[in-house]
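Sequence lines set the chain letters: A, B, ... in the order given, protein chains first and strands last, and positions in each chain run from 1.
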Protein chains: 2
Amino acid sequence: MKIYIAGSAVTKFGELWDTSSQELGLEAMSSALRDSGLKTTNLQALFVGNMLSGILSGQEHQGPLYAELLNSSLPSFHIEGACASGGLAVHNAINSLLSGRYQTVMVLGVEKMTDYSSELVSQALMAAGSESERDAGATFPGLYALLARSHMAKFGTTERELAAVSVKNHYHASLNPNAQFRHPISIDQVMASGYVADPLKLLDCSPISDGAAAVILTTKRIPSATEIIASSVASDSLDLASRANLYSLKATQLAAVAAFSQAGLKPKDISVAEVHDCFSIAEILALEDLGFFSPGKAAAAVANNQLTLGSSTNLVVNPSGGLKGCGHPVGATGIKQIVELNHQLKGSSGTRQVKPARYGLTHNVGGSGATAVIHILKAHD
Amino acid sequence: MKIYIAGSAVTKFGELWDTSSQELGLEAMSSALRDSGLKTTNLQALFVGNMLSGILSGQEHQGPLYAELLNSSLPSFHIEGACASGGLAVHNAINSLLSGRYQTVMVLGVEKMTDYSSELVSQALMAAGSESERDAGATFPGLYALLARSHMAKFGTTERELAAVSVKNHYHASLNPNAQFRHPISIDQVMASGYVADPLKLLDCSPISDGAAAVILTTKRIPSATEIIASSVASDSLDLASRANLYSLKATQLAAVAAFSQAGLKPKDISVAEVHDCFSIAEILALEDLGFFSPGKAAAAVANNQLTLGSSTNLVVNPSGGLKGCGHPVGATGIKQIVELNHQLKGSSGTRQVKPARYGLTHNVGGSGATAVIHILKAHD
């Protein structure tokens with residue numbers, strides 16, 4: 001049984017003061033339906049990826065909340081896995097299709113973060129981490145700064161190399177009308193931005209964002225549709241202190257082995273990838289843990305523009321602008337990645353279109369690496 | 001492909017001041033593993049049903065939180081659907097098995113509610129309802145009181161009949177060593193208890209509880225194991241004000257039609273059921289919406305002891321004590337229902353064993369009826 005992307009859509013990502021989470025969700029779902037040519041009555045279930053609504057707005061039970069916006073009594077599910085909520089929702093949706101129980105389902109990712117103070121949001125995001133990390137007063141920039149320091153100590157990675165991740169992703173975002181940040185930045189600008197958690201500076205960090213993304217998945221054959229040919233998930237300890245090392249993420253490594261095995265592919269077969277760059281160091285870890293580069297080799301490749309649209313010969317990474325440039329409404333991110341690759345593999349990405357590509361990969365991380373979700377997509381024949 | 005229950009377990013339900021949610025979760029998972037004879041290495045995924053941890057304790061990302069307690073990098077998922085979180089976790093687990101992706105999975109439901117003030121918990125539970133209901137200051141007893149008033153107006157249901165639900169379920173709970181309340185109560189005691197939300201009195205309401213439950217599901221044939229032969233979900237509006245009527249729950253009706261169709265059975269084929277009696281009226285609605293009784297006929301049947309252990313000739317309802325007597329740690333409830341029926345269908349329920357039964361049904365509701373999940377279980381041949 002094959003999984004086809006029947007339709008996909010994203011809203012604008014950014015500080016959307018005048019739009020509610022329900023309006024964002026409805027916009028993404030309606031646009032995905034329009035893209036697919038399907039109607040609500042063609043859907044058999046709804047999967048919603050969201051992390052923060054319970055904590056920030058006191059609203060859980062988000063399955064029926066969004067099903068109601070479709071005027072529907074659909075079976076509906078809220079899937080949560082911190083910043084990997086969207087990817088996990090897609091994984092469960094795919095399983096429900098492969099089970100034969102449902103034939104066509106909607107997957108929505110949605111998050112509204114900018115209505116709350118940044119202190120409150122920073123605190124809420126730590127719901128992805130461990131109790132001991134919260135008790136210690138850790139924040140996510142601080143945790144990823146530890147990963148960065150470890151990677152720098154092990155491999156000699158430099159702050160300028162980390163900065164190159166943000167420069168690449170801002171350039172890509174400048175070509176994406178839905179991105180939160182549409183201005184290119186320079187290495188010098190990143191280096192001159194203030195430290196948030198040494199060695200990570202403001203421009204190493206993805207922003208707080210509002211936004212939604214939706215995909216409609218089906219087992220009904222659509223000859224012109226992108227397929228999802230692998231879906232894998234792995235876990236690791238919530239607590240950084242319990243990890244074997246801090247210069248790689250085991251969950252990504254395990255999920256990558258599983259995903260490439262399912263697809264019968266190797267990293268070199270992938271031409272375009274959306275990876276989880278919540279911080280610049282996170283993209284470096286992803287590129288190594290996914291097998292695109294040997295440990296310690298990814299940072300130089302980014303800095304040498306090997307993964308940049310227009311310069312890359314083999315692999316373009318985060319053509320959407322990634323979490324850094326496009327924005328990171330956490331529950332929506334894992335689904336936005338799939339929407340982006342659906343367009344890239346169909347050749348409908350406009351000014352940020354990569355060269356014709358057969359395979360793409362999405363990589364969505366929860367917390368500081370306790371969840372990793374990977375999907376591999378294949379262009380239609 | 002068939003779904004077998006390889007093992008199951010519940011913790012004690014109650015005010016467990018000296019036990020953390022992780023301790024409860026680990027106890028349920030370890031006991032289920034022991035019951036199954038399996039090891040963690042036999043598991044391929046973990047599904048966690050929980051509603052309130054994010055809001056009450058600031059801890060989300062509960063998939064890897066509990067996977068770590070198993071010393072495992074298992075794919076892990078947090079499924080939320082208010083008080084139906086447990087049932088929805090089972091539904092997604094079953095789909096993942098039927099997809100062929102996983103062969104054996106753990107489903108854990110866990111909730112820790114008594115560490116917080118009852119005001120805070122009441123407010124947190126309203127995350128299952130609509131924003132307009134929260135803005136109006138509604139609480140769940142108030143919402144179910146509206147359902148009760150509507151049912152009384154439509155069918156002449158009386159407060160004494162409602163009280164009979166609690167009397168039955170406390171009697172059953174008195175036989176259940178894991179139940180929160182092990183003392184029988186009388187109709188007069190229910191009638192004399194104070195109004196929480198007219199016409200619902202204190203003894204019409206399920207308690208605030210701590211507890212966990214776990215089941216291990218597998219597609220590997222186990223001749224002596226209970227099978228799950230149907231799993232269905234439906235949604236309705238979060239908001240009572242948007243419903244067509246208040247004397248029935250449409251989500252239950254829709255899920256029931258789907259479940260009986262999947263199983264090829266009719267309500268009369270069911271000998272034992274665990275239904276969602278968060279309030280006494282909820283059991284009456286369930287019995288009618290599931291098709292066990294015509295509209296308006298269930299209350300008299302309960303009052304006439306037709307559904308009570310030892311008196312019933314056809315159908316025993318809530319032999320565990322239900323949410324009222326056994327307790328209602330919300331994320332655990334939907335899974336505890338399945339654990340209870342697994343024991344009933346295997347004949348291992350001790351002093352609260354129903355007569356030999358072939359089919360059982362569980363019914364788990366989220367909020368005031370915006371989610372309903374139904375499972376039908378079949379005894380081994």
Side-chain angles (χ1 to χ4, degrees), chain A residues 45-46 51-55 57-65 67-68 72-82 84-85 88 91-92 94-102 123-124 126-131 134 231-239 242 250-251 254-255 366-367 370-371, chain B residues 45-46 51-55 57-65 67-68 72-82 84-85 88 91-92 94-102 123-124 126-131 134 231-239 242 250-251 254-255 366-367 370-371:
Chain A
L46 170 66
M51 175 185 178
L52 295 168
S53 173
I55 297 177
S57 74
Q59 179 70 66
E60 294 285 3
H61 215 183
Q62 292 166 72
L65 177 71
E68 187 175 359
S72 172
S73 301
L74 285 176
S76 57
F77 311 97
H78 169 211
I79 313 284
E80 189 277 329
S85 298
L88 294 181
H91 181 81
N92 279 280
I94 288 173
N95 289 347
S96 81
L97 291 167
L98 293 177
S99 78
R101 189 181 302 282
Y102 307 122
Q123 193 181 355
M126 279 306 293
S130 73
E131 190 174 355
R134 285 191 296 276
S231 178
S232 68
V233 179
S235 311
D236 198 354
S237 67
L238 289 183
D239 207 340
S242 306
K250 186 177 71 171
L254 291 171
T371 297
Chain B
L46 170 66
M51 175 186 178
L52 295 168
S53 172
I55 297 176
S57 74
Q59 180 69 67
E60 293 285 3
H61 215 181
Q62 292 167 72
L65 176 71
E68 187 175 359
S72 173
S73 301
L74 287 175
S76 58
F77 312 98
H78 170 210
I79 313 284
E80 189 277 329
S85 297
L88 294 181
H91 182 80
N92 278 280
I94 289 173
N95 289 348
S96 82
L97 291 167
L98 293 176
S99 77
R101 189 183 300 286
Y102 306 123
Q123 193 181 356
M126 280 306 294
S130 74
E131 188 173 357
R134 285 191 297 278
S231 178
S232 68
V233 179
S235 311
D236 198 354
S237 68
L238 289 183
D239 207 340
S242 305
K250 185 177 73 172
L254 291 171
T371 297

Within this structure, what is the OG-CG distance for the pair B:S96 and A:L98, rounded to the nearest 0.5 Å? 10.5 Å

If you count heavy-atom pairs under 4.5 Å with chain A, which of B:G366, B:G63, B:S232 comes out on top? B:G366

At a heavy-atom separation under 4.5 Å, does A:I94 approach chain B through its side chain, its backbone, both, or neither? side chain

Give the member of B:A84, B:G58, B:S72, B:S242 that has the highest number of heavy-atom pairs under 4.5 Å with chain A. B:G58

dist A:N92:CG -> B:N92:CG (nearest 0.5 Å) comes out at 4.5 Å

Mind checking the CD-CG spacing from A:E60 to B:L238? Nearest 0.5 Å is all I need. 11.5 Å

Could you walk me through whether A:H78 and B:H78 pass side-chain contact (heavy atoms from CB on, under 4.5 Å), step by step? CA-CA 8 Å; A:H78 169 211; B:H78 170 210; 5.8 Å; no

Less than 4.5 Å apart, any side-chain heavy atom of B:H61 and any of A:M51? no

Is there a side-chain contact between A:R134 and B:Q59 (heavy atoms, below 4.5 Å)? yes

Go through the steps for B:S73 and A:S235 under the test side-chain hydrogen bond (donor to acceptor under 3.5 Å, both in side chains), then give the verdict. CA-CA 4 Å; B:S73 301; A:S235 311; over 6 Å; no

Measure A:L74 against the heavy atoms of chain B and call it side chain, backbone, both or neither at under 4.5 Å. backbone

Side chains of B:E131 and A:S57, heavy atoms from C-beta outward: is any pair under 4.5 Å? no

Toward chain B, the part of A:S53 with a non-hydrogen atom under 4.5 Å: neither

Between the side chain of B:E68 and the main-chain N/O of A:S237, is any donor-acceptor distance below 3.5 Å? no

Please tell me if the side chains of B:F77 and A:T371 come closer than 4.5 Å, counting only heavy atoms from C-beta onward. no

Does the pair A:I79 and B:I79 meet the rule for a side-chain contact (heavy atoms from CB on, under 4.5 Å), with working shown? CA-CA 5 Å; A:I79 313 284; B:I79 313 284; 3.4 Å; yes

Run the side-chain contact (heavy atoms from CB on, under 4.5 Å) check on B:R101 and A:S231 step by step: do they pass? CA-CA 10 Å; B:R101 189 183 300 286; A:S231 178; 3.7 Å; yes

A:N95 versus B:S99, closest heavy-atom pair with distance: O-CB, 3.3 Å

Kindly determine whether B:E80 and A:E80 satisfy side-chain contact (heavy atoms from CB on, under 4.5 Å), including the steps that lead there. CA-CA 7 Å; B:E80 189 277 329; A:E80 189 277 329; 5.7 Å; no

Most heavy-atom pairs under 4.5 Å with chain B, out of A:P75, A:S85, A:A251, belong to A:P75

A:P64 versus B:D236, closest heavy-atom pair with distance: CB-O, 3.6 Å

